[in-house]
> 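One structure coming up, written as structure tokens, with questions to follow.
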Number of protein chains: 2
Amino acid sequence: MIAVLGALSVEPMTGYAVRENIRDVLGHFWSESVGQIYPTLADLERQGLVRRQHGARPGSSMFAITPEGHEHLKELLGEPIQQAPPRNGLLLRLFFGSTLGPDACRALLEQARADARQRLAGFQALRAAITAEDNPDQLPYSLITISAGEHSARGVIAWADESLAALDAAAPEAPAALDATAPPE
Amino acid sequence: MIAVLGALSVEPMTGYAVRENIRDVLGHFWSESVGQIYPTLADLERQGLVRRQHGARPGSSMFAITPEGHEHLKELLGEPIQQAPPRNGLLLRLFFGSTLGPDACRALLEQARADARQRLAGFQALRAAITAEDNPDQLPYSLITISAGEHSARGVIAWADESLAALDAAAPEAPAALDATAPPE
DNA sequence: ATCGACATGTAAGTCGTTACATGATTAG
DNA sequence: CTAATCATGTAACGACTTACATGTCGAT
């Protein structure tokens with residue numbers, strides 16, 4: 001709802017383009033499925049918050065936000081954030097690490113770290129792209145969201161490093177053990 | 001499912017206790033609602049993964065995990081993690097910061113930082129508690145999940161600090177401006 | 001005797017995803 | 001000509017939450 005109206009607040013576009021914009025621009029912190037977008041658009045039209053005009057091709061529509069829609073967007077943005085109940089499948093598995101086994105835990109942490117590194121690289125590319133493309137009004141806010149992603153990714157990397165070290169200390173599972181330090185006993 | 005079976009893998013307990021354990025022990029990264037727990041328990045019983053015995057009072061049941069249940073838990077823990085589509089209401093609002101207004105953005109960031117500080121304090125208390133209570137097998141894995149929370153909270157604090165500074169630089173909204181540095185012009 | 005914690009369940013409803021159905025247009 | 005992309009929608013299903021309904025037990 002906010003995302004759809006927000007996309008249209010930038011410029012008029014088709015529902016398909018709304019979907020692409022949400023995926024490509026907001027994708028790292030928000031998502032809407034197809035099944036959400038068209039009904040939402042129909043709702044917004046019914047409420048007079050967007051106007052539907054003929055698209056470039058037969059059967060397609062250009063949606064444009066109305067002044068009331070812009071008003072409504074402001075209200076929506078001011079509404080309290082309701083956060084989803086936490087549900088972190090990685091931490092759930094790691095919590096039961098003694099059942100899962102230390103090796104599988106190490107693998108999970110390494111995977112999480114690799115994913116975070118990739119995301120971090122993506123954010124750095126994205127930062128460069130939007131610094132070139134965004135208008136000066138939007139740029140600081142885009143940068144804030146990218147910065148959030150970067151901080152989060154760096155946090156995951158540091159956490160995974162630390163946790164892998166902790167696992168090595170707790171369960172010496174011979175992680176490349178061919179060095180000069182004498183094994184215990 | 002994993003959470004319920006995992007709770008019962010520690011010791012037999014009532015459904016009510018399962019709920020409390022999930023809330024109190026896994027609460028910072030996982031949650032199950034009442035409406036999930038009892039049907040899940042009934043499912044697990046039907047599949048022979050838990051056994052129901054008479055509870056201490058009439059009408060109450062003690063649930064205990066069976067060997068097959070323990071096997072199944074291992075399998076579940078090994079299954080790929082499916083992560084929920086991202087949906088961060090805070091970042092969504094901040095992204096549309098030029099519509100929302102700089103002051104409201106500042107307020108959101110300050111709130112997020114305050115929340116993160118509180119979570120961080122909670123984690124530090126929790127760390128002390130479980131270090132005293134947990135058995136040595138479980139402790140490292142509990143610490144890993146707490147550490148994840150701490151890293152995340154510290155990340156949010158650093159990000160909020162940075163972003164507040166960025167907003168001050170981009171939109172000099174007179175944030176406590178009574179100091180010796182001359183205002184521009 | 002009454003209040004809060006313990007205890008188990010169900011029903012209704014919300015939210016959201018996935019898959020399907022359909023068709024136009026454009027690039028190779 | 002044909003594959004990919006553009007474009008719009010719906011239907012079925014699944015996941016989950018909230019509220020309700022019911023009853024026991026222990027402490028004050």
Side-chain angles (χ1 to χ4, degrees), chain A residues 1-5 7-8 11-27 29-46 50-64 76 79-89 92, chain B residues 1-5 7-8 11-27 29-46 50-64 76 79-89 92:
Chain A
M1 181 92 212
I2 293 183
V4 172
L5 213 44
L8 291 175
E11 56 174 354
M13 59 184 91
T14 65
Y16 187 87
V18 168
R19 187 192 165 205
E20 282 190 318
N21 268 274
I22 291 177
R23 169 162 44 77
D24 299 340
V25 181
L26 313 180
F29 59 85
W30 198 265
S31 76
E32 299 281 359
S33 62
V34 206
Q36 288 285 95
I37 288 174
Y38 290 106
T40 297
L41 244 15
D43 250 38
L44 290 171
E45 190 189 9
R46 216 173 18 70
V50 307
R51 223 173 28 244
R52 181 194 299 250
Q53 285 154 330
H54 289 241
R57 341 172 161 193
S60 85
S61 310
M62 288 294 290
F63 294 92
L76 288 176
E79 277 180 8
I81 301 165
Q82 95 242 25
Q83 70 261 39
R87 207 153 272 171
N88 186 325
L92 185 63
Chain B
M1 182 91 210
I2 293 183
V4 173
L5 213 43
L8 291 176
E11 56 175 354
M13 60 183 91
T14 66
Y16 187 88
V18 168
R19 188 192 165 205
E20 282 191 316
N21 267 275
I22 291 177
R23 170 162 45 75
D24 299 340
V25 182
L26 314 180
F29 60 85
W30 198 264
S31 76
E32 299 282 358
S33 63
V34 207
Q36 287 285 93
I37 288 174
Y38 289 107
T40 297
L41 244 15
D43 251 38
L44 291 171
E45 190 189 8
R46 214 172 20 68
V50 306
R51 223 173 27 244
R52 182 193 298 248
Q53 284 154 330
H54 289 239
R57 342 173 162 192
S60 85
S61 311
M62 289 294 291
F63 294 90
L76 288 176
E79 278 179 9
I81 300 165
Q82 96 241 24
Q83 69 262 38
R87 205 152 274 169
N88 187 323
L92 185 62

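Computation of the quantities below employed the complete heavy-atom set of this structure, encompassing side-chain atoms and omitting hydrogens, waters and symmetry-equivalent molecules. In what follows, every chain begins at residue 1, and chains take the letters A, B, ... in the order their sequences are listed.
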> Against B:R19, only a single residue in B:D24, B:T14, B:V34 fulfils side chain to side chain contact (heavy atoms under 4.5 Å, CB included); can you say which?
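Of the listed options, the one satisfying the test is B:V34.
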> Please tell me if the side chains of A:R23 and A:S31 come closer than 4.5 Å, counting only heavy atoms from C-beta onward.
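No. Closest side-chain heavy atoms not under 4.5 Å.
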> Using every non-hydrogen atom in the two residues, find where B:H54 and B:M62 come nearest and quote the distance to one decimal.
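Shortest heavy-atom separation between B:H54 and B:M62 comes out as O-CG, 4.0 Å.
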> Between A:Y16 and D:dT8, does any side-chain N or O lie under 4.0 Å from OP1 or OP2?
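A:Y16 to D:dT8 OP1/OP2: no side-chain N or O under 4.0 Å.
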> Between D:dC16 atom P and A:Q83 atom CD, what is the distance in whole Å?
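Going from A:Q83 (CD) to D:dC16 (P), I get 18 Å.
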> With 3.5 Å as the limit, what N/O pairs link the protein to nucleotides 21-25 of chain D?
from, atom 1, to, atom 2, distance (Å)
D:dT24, O2, B:R57, NH1, 2.9
D:dC25, O4', B:R57, NH1, 3.4

> Please give, in whole Å, the distance from C:dC6 C1' to B:R23 CZ?
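From B:R23 CZ to C:dC6 C1': 12 Å.
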> Apply side chain to side chain contact (heavy atoms under 4.5 Å, CB included) to B:S60 and list each qualifying residue two or more places apart in sequence or on a separate chain.
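B:S60 satisfies side chain to side chain contact (heavy atoms under 4.5 Å, CB included) with B:R57 only.
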> Can you tell me how far P of C:dT8 sits from CG of B:L41, to the nearest Å?
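Atom CG in B:L41 sits about 8 Å away from atom P in C:dT8.
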> What residues, two or more places apart in sequence or in another chain, satisfy side chain to side chain contact (heavy atoms under 4.5 Å, CB included) together with A:A64?
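Partners of A:A64 under the side chain to side chain contact (heavy atoms under 4.5 Å, CB included) test: A:P12, A:R51, A:Q53.
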> Does the side chain of A:R19 get closer than 4.0 angstrom to OP1 or OP2 of D:dT5 through an N or O atom?
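Result: no.
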> Take atom CD1 of B:I2 and atom P of D:dC16, then tell me their distance rounded to the nearest Å.
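These atoms are roughly 12 Å apart.
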> Whole angstrom is fine here: how far is it from NE2 in B:H54 over to C1' in C:dA7?
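Taking NE2 of B:H54 and C1' of C:dA7, I get 16 Å after rounding.
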> Of A:V18, A:L26, A:T40, A:I22, which is the lone residue that meets side chain to side chain contact (heavy atoms under 4.5 Å, CB included) with A:E32?
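The passing option is A:I22.
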> What integer distance in Å separates B:Y38:OH from C:dA7:P?
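One finds 8 Å between P of C:dA7 and OH of B:Y38, rounded.
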> For B:Q82, answer base if it contacts any base atom (sugar-phosphate contacts may also be present), sugar-phosphate if it contacts only those atoms, and nothing otherwise; contact means non-hydrogen atoms under 4.0 Å.
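Counting heavy atoms under 4.0 Å across all strands, no contact is made by B:Q82.
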> May I ask you to test the B:I81-A:L92 pair for a side-chain heavy-atom distance under 4.5 Å?
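Answer no - side chains too far apart.
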> Can you list everything that forms a side chain to side chain contact (heavy atoms under 4.5 Å, CB included) with B:E11? Sequence neighbours excluded, please.
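B:E11 satisfies side chain to side chain contact (heavy atoms under 4.5 Å, CB included) with B:M13 only.
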> Quick one: which protein N/O atoms are closer than 3.5 Å to N/O atoms of nucleotides 14-21 of chain C? Pair and distance per line, please.
from, atom 1, to, atom 2, distance (Å)
C:dG16, OP2, A:Q36, NE2, 3.3
C:dT17, OP1, B:R87, NH2, 2.8
C:dT17, OP2, A:S33, N, 3.4
C:dT17, OP2, A:S33, OG, 2.5

> Return the value, rounded to whole Å, for the distance between atom CD of B:E20 and atom P of C:dA7.
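Atom CD in B:E20 sits about 8 Å away from atom P in C:dA7.
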> Please name all residues satisfying side-chain hydrogen bond (donor to acceptor under 3.5 Å, both in side chains) with A:S61, sequence neighbours left out, ordered by chain then number.
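Counting only residues at least two positions away or on another chain, A:S61 forms a side-chain hydrogen bond (donor to acceptor under 3.5 Å, both in side chains) with A:R52.
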